[in-house]
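Take a look at the structure set out below.
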Amino acid sequence: MRGNEKLKGHLLILAANVLFAINMPISKFLLPSHLEPEALTVMRMAFACVMFWICSLFVPAEKVPLKDMGTLFICALCGVGFNQGLFIWGLNITSPVDASIIATAVPIFVMILAAFILKEPITRMKAFGVLLGITGAVSLILQSANSANQTSSLAGNLLITFSGFIYSVYLVLSKPLTMKYSAITMMKWMFLFSTLSVLPFTFGHIASSPAFHRTVLDYQELGAIFFVLFGATFVPYLLIPMSLKRIRPTTVSMYNYVQPIIASFITVLIGQDTFSITKLLSALFVFVGVYLVTQSKSREDMEKEKAAKTTKK
């Protein structure tokens with residue numbers, strides 16, 4: 001039974017990352033000719049907030065104490081508010097391929113945070129994986145600064161890098177909450193907090209976005225907006241806590257490497273971006289780094305091995 005639950009956790013987070021990857025070229029299509037970055041950010045939060053509160057009417061109510069509300073508020077800022085805002089603003093001025101490659105560094109951030117917060121050991125394999133991953137991410141950012149390709153941007157890549165870091169904070173902090181509350185309960189509060197925090201600063205951008213000043217309906221535009229709101233926000237954020245309930249945060253973050261594979265294929269296929277050899281090498285450094293980090297032993301694994309050796313003696 002436990003094996004089936006782990007498999008379910010892997011499938012849930014795989015589906016979430018596939019949706020996130022498809023979101024990159026679609027959001028790039030919408031920005032900024034259809035929607036301003038600030039408008040798309042607050043629309044995602046508000047839509048998901050309404051959807052999760054509607055869903056909460058059909059599931060058993062769970063009482064959340066004030067202490068956990070505080071943690072949920074921090075998770076809301078890290079996992080939704082700042083994360084989505086910085087990502088959308090960064091994607092608006094950089095390449096979807098660059099964004100998806102940088103997103104694969106999240107497992108490295110999670111490993112470092114887990115060492116400080118959860119006291120997970122940093123083994124030689126983990127350290128080498130971090131070195132490779134950081135080398136790949138920094139290489140990508142530096143080439144963006146010197147690239148003649150206008151789709152890449154140093155500022156955009158830095159925004160997405162920081163977005164990935166604070167998303168990692170969310171993954172680590174939210175793990176204990178996923179064992180106590182349902183995904184619906186967590187998300188309804190997180191999206192409420194994030195919407196209320198961002199709405200006063202972004203509401204005006206909705207009214208000024210080109211999409212809301214057209215006299216003729218653009219069904220391609222409407223379809224893209226609906227996918228971003230429903231398929232790339234509501235559904236993935238429902239799946240993430242469900243997967244965290246079944247597998248470790250580091251394992252969950254490992255699936256970020258699916259994003260550049262899918263996003264790169266889509267963006268190159270539709271002519272929205274190119275994928276150079278240099279970017280491929282940068283991605284390989286990150287992928288190998290992620291693999292080494294996720295394959296290294298956790299504190300739980302080391303404690304089990306130590307206990308087994310003690311028993312044998």
Side-chain angles (χ1 to χ4, degrees), residues 8-9 12-13 15-20 22-23 26-27 30 35-88 163 166-167 169-207 209 211-212 222-246 252:
K8 188 182 294 184
L12 289 170
I13 197 60
N17 276 279
V18 168
L19 291 171
F20 281 146
I22 297 173
N23 176 55
I26 293 179
S27 291
L30 290 172
L35 289 171
E36 294 183 15
E38 297 85 354
L40 185 57
T41 299
V42 73
M43 286 170 62
R44 292 181 70 185
M45 295 178 193
F47 179 85
C49 177
V50 172
M51 289 296 297
F52 280 118
W53 276 91
I54 291 175
C55 291
S56 70
L57 300 176
F58 301 96
V59 297
E62 295 177 308
K63 186 176 180 181
V64 182
L66 190 60
K67 179 183 177 181
D68 286 346
M69 279 292 188
T71 306
L72 278 173
F73 180 75
I74 297 174
C75 288
L77 295 181
C78 293
V80 182
F82 291 144
N83 172 41
Q84 285 192 12
L86 291 172
F87 179 82
I88 290 295
S163 168
I166 59 176
Y167 175 70
V169 174
Y170 156 69
L171 288 180
V172 174
L173 291 182
S174 65
K175 173 65 176 178
L177 296 176
T178 63
M179 309 308 293
K180 299 168 65 175
Y181 308 109
S182 68
I184 298 294
T185 297
M186 287 185 60
M187 291 299 110
K188 76 175 187 179
W189 288 111
M190 282 179 54
F191 275 96
L192 177 63
F193 291 147
S194 60
T195 301
L196 293 177
S197 300
V198 172
L199 188 60
F201 307 100
T202 56
F203 182 76
H205 294 277
I206 299 178
S209 290
F212 300 107
L222 291 175
I225 292 173
F226 178 76
F227 175 81
V228 173
L229 299 184
F230 185 83
T233 306
F234 171 69
V235 176
Y237 275 92
L238 176 65
L239 300 180
I240 291 170
M242 293 171 65
S243 63
L244 279 169
K245 191 184 292 287
R246 294 169 171 84
V252 168

Exercise. Would Val64 and Trp189 count as a side-chain contact (heavy atoms from CB on, under 4.5 Å) if you check the C-alpha gap in whole Å, the side-chain angles of each, and the deciding distance to 0.1 Å?
Worked result: CA-CA 10 Å; Val64 182; Trp189 288 111; 4.2 Å; yes

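- For the residue pair Ser174 and Met186, the shortest heavy atom distance occurs at CB-CE, 4.0 Å.
- Qualifying side-chain contact (heavy atoms from CB on, under 4.5 Å) partners for Pro200, counting only residues two or more places apart in sequence or in other chains: none.
- Annotation: side chain to side chain donor-acceptor pair (under 3.5 Å) contacts involving residues 46-55, sequence neighbours excluded, are absent.
- Contacts of Tyr237 classified as side-chain hydrogen bond (donor to acceptor under 3.5 Å, both in side chains), with partners at least two apart in sequence or in another chain: Asn83.
- Among pairs with a residue in residues 57-66, those fulfilling side chain to side chain donor-acceptor pair (under 3.5 Å) read Glu62-Ser182, Glu62-Thr185, at least two apart in sequence or across chains.
- Considering every non-hydrogen atom in both Thr195 and Ala46, the closest pair reads OG1-N, 3.6 Å.
- At distances below 3.5 Å, not a single donor-acceptor pair connects side-chain atoms of Ser194 with backbone N or O atoms of Ala76.
- In this structure, the separation between CG on Leu66 and OG1 on Thr71 is 10.0 Å, given to the nearest 0.5 Å.
- Contact detail for Leu19 and Gly231: the closest heavy-atom pair is CD1-O, 3.2 Å.
- Listed by chain and residue number, nothing satisfies the side-chain hydrogen bond (donor to acceptor under 3.5 Å, both in side chains) test with Lys8 (two or more places apart in sequence, or in another chain).
- Sorted by first and then second residue, the salt bridge (Lys or Arg N to Asp or Glu O under 4.0 Å) pairs with a member in residues 223-233 form an empty list; sequence neighbours excluded.
- Atom CE of residue Met179 and atom CZ of residue Arg246 lie 9.5 Å apart, to the nearest 0.5 angstrom.
- Tyr181 is linked by a side-chain hydrogen bond (donor to acceptor under 3.5 Å, both in side chains) to Asp68, counting only residues two or more places apart in sequence or in another chain.
- Sorted by first and then second residue, the salt bridge (Lys or Arg N to Asp or Glu O under 4.0 Å) pairs with a member in residues 227-242 form an empty list; sequence neighbours excluded.
- For the side-chain hydrogen bond (donor to acceptor under 3.5 Å, both in side chains) test, no residue two or more places apart in sequence or in another chain qualifies with Thr41.
- Residues Leu239 and Ile13 form no side-chain contact, since every pair of their non-hydrogen atoms from C-beta on lies 4.5 Å or further apart.
- With sequence neighbours left out, the side-chain contact (heavy atoms from CB on, under 4.5 Å) criterion links Phe212 to Leu35, Met43, Ile206, Ser209.
- Side-chain contact between Asn23 and Arg44: present, with at least one pair of heavy atoms (C-beta onward) separated by less than 4.5 Å.
- Here the straight-line distance linking atom CZ of Phe227 with atom CD1 of Ile26 works out to 4.5 Å at 0.5 Å rounding.
- Taken to the nearest 0.5 Å, the CZ atom of Phe73 stands 10.5 Å off from the CG atom of Leu192.
- Scored by the side-chain contact (heavy atoms from CB on, under 4.5 Å) test, Val59 finds Ile184 as partners (sequence neighbours excluded).
- Aromatic ring orientation, Tyr170 versus Tyr167: tilted (interplanar angle from 30° to 60°).
- For the atom pair Lys175 NZ and Leu173 CG, the distance stands at 13.5 Å (nearest 0.5 Å).
- In this structure, Ser243 contributes its side chain and Ile240 its backbone to a donor-acceptor pair below 3.5 Å.
- Rounded to the nearest 0.5 angstrom, Lys245 NZ and Leu177 CG are separated by 10.0 Å.
- Pairing each heavy atom of Phe87 with each of Ser163, the nearest pair is CB-OG, 3.6 Å.
- Listed by chain and residue number, Leu238, Pro241, Met242 satisfy the side-chain contact (heavy atoms from CB on, under 4.5 Å) test with Ala183 (two or more places apart in sequence, or in another chain).
- Looking at heavy atoms from C-beta onward, Leu229 lies out of side-chain contact with Phe234 at the 4.5 angstrom threshold.
- Taking the six-membered ring for Trp and thresholds of 30 and 60 degrees, Phe52 and Phe191 have nearly parallel ring planes, at less than 30 degrees apart.
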